[in-house]
Every structure is written in structure tokens, then in C-alpha cells.
Trainee: 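Before we start, here is the structure in question, set down as C-alpha cells.
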Amino acid sequence: MYKIHSRLAVLVLTLLMMFVTSMVWAQAGDTAPHAGMVKGIYITQPTLEDTTYLSYLIQRAKKVGIHTFIVDMEKPSKHYEANIALLHQNNINYVARIIIFPGGGTPEQVKSIAYREKKYALIKAAIAYGAKQIQLDYIRYSSKQPPSAKNAEDILQIIRWYKTRINVPLQVDVFGISSFGPSKWIGQDIKLFSSSVDVFCPMVYPSHYEPYKIHAVKPYDTVYSSLMAIHKQFNNQPLPFKLYPFIELSNYRYPLSRNKKLEYIHAQIQAAENANADGWYVWSPHNYYDNLFTVLETKSVK
């Protein structure tokens, strides 16, 4: 009888703690951290080192269920390290973004081990600061490179080189066009890379598709069709990696009113979720996310 009462007491206490925890999150206006889809925003290094603005972004992001910041790592510094600690204190996942070949690599850069080592030094610093994952961007040839299937094989060797040297999951950014198949110019091939990548982040920005005037007014269709094309590359079987597409806050090639921008953001998010992505990231080059926060506060998304 004593054992039964003890177990019952433990069960009641556990349920009570779960209830209290949920109430605390509800009162704070937050979603329980890391529940459901991964949701993140891109942060430049200058924004990270602006403690006042970073604190503002942290509080606004948490209230709408965003718990991942993708942060540029351009140069290690004590200020960078201190503000990464601020992310950790607020239960924000720190993903370090490393630009491999700004503007796309030349054949000489792609073959250079010394060049890779310089970028690897940034990766090691980010991991030392507590990066949960590493994201490689601009890991591709220049678009001026002559088309060849070997281009993607060259880039794969670089991805593998980094993959074998880190002990956290590896994310790779790819152009949205690669959702539909290999890009032989820049050397990006999702299917070829898939065995060496933990997360793909296709940049499915409607502003980057042609004809842009059509895609600008069909953001849902653009994002949804791109992501479904990735599933099609794998015969609609479960993907062997996580899928966190990057979406954009506005179309720089097609002016939109504020209300249209809110609809534009909402449509992309809905498309990502309806396409069974594992999460989504939002890109703003200057890190102005108030429109995103408004969408998540006022519109129905998962």
C-alpha cells in the first residue's frame, strides 16, 4: 500500500510540475523551446555584437517560438563570445554560418587545402563558443565556371573534408534552383551531397526565380513547388536529411506594400510547413524582423 501511495504521489508531483512549467511559458508568451518545427532567423556578426539590439531580437523571437539564430562567424572576438553566451542563457540554439567561397569559388580555391584550413579555423572557434550546428554557405563554384558534372563532385569533396573534422551536425546552403536537380555550373547537387550532409537549407527566395514578376506574386507556389521537387528527387521517400528552407522577408526586385509583405512572409512559411519541411529559417540581410514577428503573432501558422 505504501508503494502504491508513493508512486501515486510521484505521478501527481510530475503532472503538477508539467502544468506549472506550461503555465510559466504561457505567461511569458513563449512557446516551449525546441518543440515541433525548427524556426530560426539569420544574424550578422555586427548585429550579434550589438547587445541592445540582440537582446531585443531574443525577446521578440522567443515570444513567437523562434529558438534558433544562424549567426555569421567572420572573426572570433571576446565580444562575440560574450554575446553567444547571451544566446545560450536564453535557450537560443546557436548555429554558426561560415561563408566558404564569397561569390563562388575559383578552381584554385576549390583545390586549395590551405584555403579550407582558414575556414576551418572559424569553424573550430564557433564550436568552442558552443555552436549546436555548423552551416556552410557559398560552398559552390562561381557561376562563371563552365558546366560539368565534375563541379559537384569537387564540392562534395570539400563538404566531406569538413564533415570528417567536426563533431556537430553539418548544414549546407544551396541555391533554390538545385531543388529541381543538379546545377552543373555552380556544382550543387542535393542528391549527390545527401550522404554527407545532415541538414539542407535551400534558399527558395521567390525573388531569385525567373520570371521574377510571376514568382513575386506567387510566393506560396514558388516555395512549395521547390520543396516538393526535393522530395521528388528522392522518389517521395523519407529524406535522409533534415530540411530547413530559407525564406525571405520581401522581394527586392518587386516592391510590396507592408500588408503585401506580411502576406508574402505568411505564404512562404505556410508553404514550407505544408511541404513537410522540418523547419524554416528567415533571411533579412539587415536583420529587421518586425514584420516576421507581426506575422507570427497575428496569423495562423503551425
Trainee: Could D198 and K163 be called an ion pair, given the rule that one side-chain N must be under 4.0 Å from one carboxylate O?
Mentor: yes
Trainee: Would Y220 end up clustered with I230 when hydrophobic side chains under 4.5 Å apart are linked, directly or stepwise?
Mentor: no
Trainee: Distance from H79 atom NE2 to T51 atom OG1, nearest 0.5 Å?
Mentor: 3.5 Å
Trainee: Could you tell me if the side chain of E117 sits less than 4.5 Å from the side chain of W161, heavy atoms only?
Mentor: yes
Trainee: Taking the side chain as everything from C-beta on, heavy atoms only, tell me whether H67 gets closer than 4.5 Å to N90.
Mentor: no
Trainee: Let me see the working for D72 and I43 under side chain to side chain contact (heavy atoms under 4.5 Å, CB included), right down to the final yes or no.
Mentor: CA-CA 6 Å; D72 280 341; I43 303 294; over 6 Å; no
Trainee: Are W283 and Y252 connected into the same hydrophobic cluster when the rule is that any two of I, L, V, M, F, W, Y join if their side-chain heavy atoms are below 4.5 Å apart?
Mentor: no
Trainee: Please report the closest heavy-atom contact between I134 and A126, naming both atoms and the distance.
Mentor: CD1-CB, 4.1 Å
Trainee: Heavy-atom distance under 4.5 Å between the side chains of S179 and V204, does that happen here?
Mentor: yes
Trainee: Are V282 and Y42 packed together at the side-chain level, in the sense that at least one heavy-atom pair is separated by less than 4.5 angstrom?
Mentor: no
Trainee: Which residues pass the salt bridge (Lys or Arg N to Asp or Glu O under 4.0 Å) test with D189, not counting sequence neighbours?
Mentor: none
Trainee: Write down the atom of P219, the atom of Q268, and the distance for their closest heavy-atom approach.
Mentor: CB-CG, 4.0 Å
Trainee: What residues form a salt bridge (Lys or Arg N to Asp or Glu O under 4.0 Å) with K144, not counting sequence neighbours?
Mentor: none
Trainee: How many angstroms lie between CG in N276 and CG in N236, if you round to the nearest 0.5 Å?
Mentor: 10.5 Å
Trainee: Side chains of L87 and L54: closer than 4.5 Å at any heavy-atom pair?
Mentor: yes
Trainee: Is there any side-chain hydrogen bond (donor to acceptor under 3.5 Å, both in side chains) pair reaching into residues 206-218, and which pairs are they, with sequence neighbours excluded?
Mentor: S207-E248, Y209-S226, E210-R253, H215-T222
Trainee: Please find the pair of heavy atoms, one from Q171 and one from C201, that lie closest to each other, and give the distance.
Mentor: OE1-SG, 3.6 Å
Trainee: Does the side chain of T44 reach to within under 4.5 Å of the side chain of N287, using non-hydrogen atoms?
Mentor: yes
Trainee: Report the distance from atom CD1 of I155 to atom NZ of K150, rounding to the nearest 0.5 Å.
Mentor: 10.0 Å
Trainee: Got L292 and I66 here, is their nearest side-chain heavy-atom distance under 4.5 Å?
Mentor: yes
Trainee: How long is the span from the CD1 atom in I127 to the NZ atom in K132, to the nearest 0.5 Å?
Mentor: 12.0 Å
Trainee: Closest approach of V110 and F101, non-hydrogen atoms and distance?
Mentor: CA-CZ, 3.9 Å
Trainee: Mind checking whether P255 and K261 have side chains closer than 4.5 Å, heavy atoms only?
Mentor: no
Trainee: Distance check, rounded to the nearest 0.5 Å: M228 atom CE versus Y224 atom OH?
Mentor: 4.0 Å
Trainee: Determine whether a donor-acceptor pair (N or O, by modelled atom type, separation under 3.5 Å) exists between the side chain of S194 and the backbone of K191.
Mentor: yes
Trainee: Examine V168 and V95 and state if one hydrophobic cluster contains both, with Ile, Leu, Val, Met, Phe, Trp and Tyr joined whenever side-chain heavy atoms are less than 4.5 Å apart.
Mentor: yes
Trainee: Is there a continuous path of hydrophobic side-chain contacts, each under 4.5 Å between heavy atoms, that joins M203 to I99?
Mentor: no
Trainee: Show your reasoning for whether side chain to side chain contact (heavy atoms under 4.5 Å, CB included) applies to I159 and V197.
Mentor: CA-CA 8 Å; I159 292 173; V197 174; 3.9 Å; yes
Trainee: Has the side chain of S284 got a donor or acceptor atom that lies under 3.5 Å from a matching backbone atom of Y288?
Mentor: yes
Trainee: Quick one: do M37 and V295 end up in the same hydrophobic cluster if we chain Ile, Leu, Val, Met, Phe, Trp and Tyr together by side-chain heavy atoms under 4.5 Å apart?
Mentor: yes
Trainee: Pick out which of F69, F246, Y205 makes a ring pair (Phe, Tyr, Trp, His ring centres under 6.0 Å) with Y281.
Mentor: F246
Trainee: Say whether, by atom type as modelled, one donor and one acceptor occur between the side chain of T294 and the main chain of D290 under 3.5 angstrom.
Mentor: yes
Trainee: Mind checking what makes salt bridge (Lys or Arg N to Asp or Glu O under 4.0 Å) contact with K260, not counting sequence neighbours?
Mentor: E263
Trainee: For a quick test of reading the model, state the closest non-hydrogen atom pair linking A277 to L227 and the distance between them.
Mentor: CB-CD1, 4.5 Å
Trainee: Would you say NZ of K119 has more than 12 non-hydrogen atoms from neighbouring residues, nucleotides or ligands within 6.0 angstrom?
Mentor: yes
Trainee: Start with the C-alpha distance between L249 and I265, add both sets of side-chain angles, then the distance that settles side chain to side chain contact (heavy atoms under 4.5 Å, CB included), and finish with yes or no.
Mentor: CA-CA 6 Å; L249 288 188; I265 296 165; 3.6 Å; yes
Trainee: Side chain to side chain contact (heavy atoms under 4.5 Å, CB included) for I186 and V174? Distances and angles first, verdict last.
Mentor: CA-CA 10 Å; I186 62 173; V174 293; over 6 Å; no
Trainee: If we count only N and O atoms by modelled type, under 3.5 Å, do the side chains of R60 and Y56 hold a donor and an acceptor together?
Mentor: yes
Trainee: Which distance, rounded to the nearest 0.5 Å, do you find between the NZ of K62 and the CD1 of I92?
Mentor: 6.5 Å
Trainee: Consider only side-chain N and O atoms of E49 and Q45, and report whether a donor and an acceptor are under 3.5 Å apart.
Mentor: yes
Trainee: Which residues pass the salt bridge (Lys or Arg N to Asp or Glu O under 4.0 Å) test with D278, sequence neighbours left out?
Mentor: none
Trainee: Please find out if less than 6.0 Å separates the ring center of Y129 from that of Y80.
Mentor: yes
Trainee: Side chains of Y141 and D154 only: does a donor on one sit below 3.5 Å from an acceptor on the other?
Mentor: yes
Trainee: Could you go through Y264 and N251, starting from their C-alpha distance and side-chain angles, then the distance that decides it, and tell me whether this counts as side-chain hydrogen bond (donor to acceptor under 3.5 Å, both in side chains)?
Mentor: CA-CA 9 Å; Y264 188 81; N251 192 308; 3.2 Å; yes
Trainee: Does the side chain of S55 pick up a donor-acceptor pair with the side chain of T52 at under 3.5 Å?
Mentor: no
Trainee: Tell me, which pairs form a ring-ring contact (aromatic ring centres under 6.0 Å, His included) where one or both residues lie in residues 165-203, sequence neighbours left out?
Mentor: F200-F241
Trainee: When you compare the side chains of N83 and Y94, does any donor N or O come within less than 3.5 Å of an acceptor on the partner?
Mentor: no
Trainee: Please give me the minimum heavy-atom distance between Q145 and P107, naming the atom from each residue.
Mentor: OE1-CG, 3.6 Å
Trainee: Does any donor atom in the side chain of D173 or Y138 lie under 3.5 Å from an acceptor atom in the other side chain?
Mentor: no
